[in-house]
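These numbers come from a predicted model, not from an experiment.
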Amino acid sequence: MLFNRYEKHPASYRNTKLLKTLATISLVSLYIFLFSMIIKIGLWATKFELIFWNDLVNVFLVVSSMMAIVFSTAILIEYVKIKHGVVVISIAITIILIIIVAIGTIYFMIANPLKWEDYNPDIGGLIGGFLSSIAAMLVIMFSLSTEERRNHKLAQTSARFLASILNDLDTQIRRLENGWHEPIIYPENWMQYYFSVYEIAKYDYLELLNKEFDYVRLINSSLNNKNYNSTKSLLVGRRDYNLYSFSCTFSYLEVQENLSRIGQGNEEKKSWVDSNDYIKLADFLIDQYYSVIENYVYGILLSNSSSDTNEIEISVRNWLLKNPTFQELQEKRLISYVIFRVFCAFSQKSERVSYVWGELSLK
């Protein structure tokens, strides 16, 4: 559950791979410890006196137990850092665990609770090896944590920069909508900033960003060619995409807001497609308006006024928007989602209209 959670919702440091590696090593160490313990008990029970095998099993017991303890501690530290982002808590937990393990180890070696005969371990050597292992792991973990914090800070800075870029683009596009004819200015290397943000982002915004900058490039091309009618069409297409396209998981403004949240260290807002309420509402609207949409599409195809699926979809959407039920929807992308679901149902439910490979036609 822990790893599935962080794969679905990447953590601030996105170190799921590190957690998995630590867990694997810890489990392997634990298995080796248990296996060695079984052998040790067997040797003790059978009074097996070959010193080499006894010493070898002792080494496996000590090393595997230390590794299991150290890597389990490392997992706990990484989990606390991911969940709370408080390094102080991790350090406190580490110190407490080290003290507990050290006391337990000393008691086990001195008291010999299993009552093994001729049990005379090198206590100083064992404790020294244990502490050396702990120190080495702490040094490695501190180095990893330092690099992760540096990358996290860089990603937050990149998120703030990307948010400011989108805000500036929006300002320039509003000017174009009001009659401005100057090309849009933006940094063409924006993607390198996004790749830094992607490491800590909860959601993937690349599709929307690629679409947005594609629109910007096309708009600039039309402006440079003084094709202002094309500019207007592109501006309308961009607006409709952000407002109505259900494939647009996040709109332009939603991406801008979430990037700002990432830059401030706050949690991102979830997408509308993650809301069960919207999915239930879509199912309800499909049940209520399937026949209505089918009749409307059938009328268009029968009159041969249009056979282009995109044009028909826009016509259906504009027609539905005259209905108070659809006018009151806060999430307009739900309308396109309902239309698409109805189109997909034509092939099985409709006796008059077919929808195959994205094309509408009469049966």
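Here CG of Leu234 is found 9.0 Å from CG of Leu223. Values are rounded to the nearest 0.5 Å. Atom-to-atom distance recorded for Arg174:CZ and Leu176:CG is 12.0 Å, nearest 0.5 angstrom. With rounding to the nearest 0.5 Å, the separation of OG in Ser271 from CD in Glu331 is 8.0 Å. For the atom pair CD1 (Ile335) and CG (Leu285), the distance works out to 9.0 Å, reported to the nearest 0.5 Å. Distance check: Tyr241 OH to Glu212 CD gives 9.5 Å after rounding to the nearest 0.5 Å. Note that the OG atom of Ser245 and the CZ atom of Arg333 stand 8.5 Å from one another [nearest 0.5 Å].
Of the possible polar contacts, none joining the Lys202 side chain to the Glu267 backbone as a donor-acceptor pair under 3.5 Å is found. Under a 3.5 Å cut-off, the side chain of Tyr186 and the backbone N or O of Leu169 do not form any donor-acceptor pair. Of the possible donor and acceptor atoms, none in the side chain of Ser315 sits under 3.5 Å from a partner among the backbone N and O of Glu311. Within the 3.5 Å criterion, the main-chain N or O of Leu166 finds no donor-acceptor partner in the side chain of Asp170. Using modelled atom types, no side-chain atom of Asn266 and backbone atom of Ile262 make a donor-acceptor pair closer than 3.5 Å. Here the side chain of Asn258 pairs a donor or acceptor atom with the backbone of Lys269 at under 3.5 angstrom. Distance alone, capped at 3.5 Å, is enough to place a donor-acceptor pair between the Ser347 side chain and the Tyr355 backbone.
Between Tyr337 and Tyr278, the ring centre distance reaches or exceeds 6.0 Å. Annotation: Phe343 is not in aromatic contact with Phe340 [ring centroid separation under 6.0 Å not met].
Placement of Val316 and Ile314 in two distinct hydrophobic clusters is found when ILVMFWY residues are connected by side-chain heavy-atom separations under 4.5 Å, directly or transitively. Linking Ile, Leu, Val, Met, Phe, Trp and Tyr residues whenever their side-chain heavy atoms come within less than 4.5 Å leaves Phe213 and Val236 in two separate clusters. Criterion: ILVMFWY side-chain heavy atoms under 4.5 Å apart, direct or through other members. Under it, Tyr228 and Ile219 are part of a common hydrophobic cluster.
Judged by the 6.0 Å and 45° rule, Lys349 forms a cation-pi pair with Tyr290. For the pair Arg352 and Tyr298, the cation sits on the ring face: its NZ or CZ lies under 6.0 Å from the ring centre, inside 45° of the axis.
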Practice item. Assess whether ring pair (Phe, Tyr, Trp, His ring centres under 6.0 Å) is satisfied between Tyr289 and Phe326, documenting all intermediate values. Key: CA-CA 11 Å; Tyr289 288 91; Phe326 290 92; 5.0 Å; yes
Check your understanding: What do the steps show when you test Arg238 against Val216 for side-chain contact (heavy atoms from CB on, under 4.5 Å), and what is the final call?
Key -> CA-CA 9 Å; Arg238 172 187 175 273; Val216 169; over 6 Å; no
Review point. Does the side-chain hydrogen bond (donor to acceptor under 3.5 Å, both in side chains) test come out yes or no for Asp204 and Tyr194, once each step is laid out?
Key: CA-CA 10 Å; Asp204 187 0; Tyr194 175 74; 2.4 Å; yes
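Checked by atom type, the side-chain pair Ser222/Thr231 shows a donor-acceptor distance below 3.5 Å. Side-chain contact of Glu268 with Tyr205: a donor-acceptor pair under 3.5 Å is present, judged by distance alone.
When all heavy atoms are compared, the tightest approach of Gln172 to Pro183 is OE1-O, 4.0 Å. Annotation for Ile185 and Asp168: closest pair O-OD2, 3.9 Å, computed over non-hydrogen atoms. Nearest heavy atoms, Thr309 versus Leu360: OG1-N, 3.3 Å.
In this structure, Gln348 places its CD atom where only 12 or fewer heavy-atom neighbours from other residues, nucleotides or ligands lie under 6.0 Å away.
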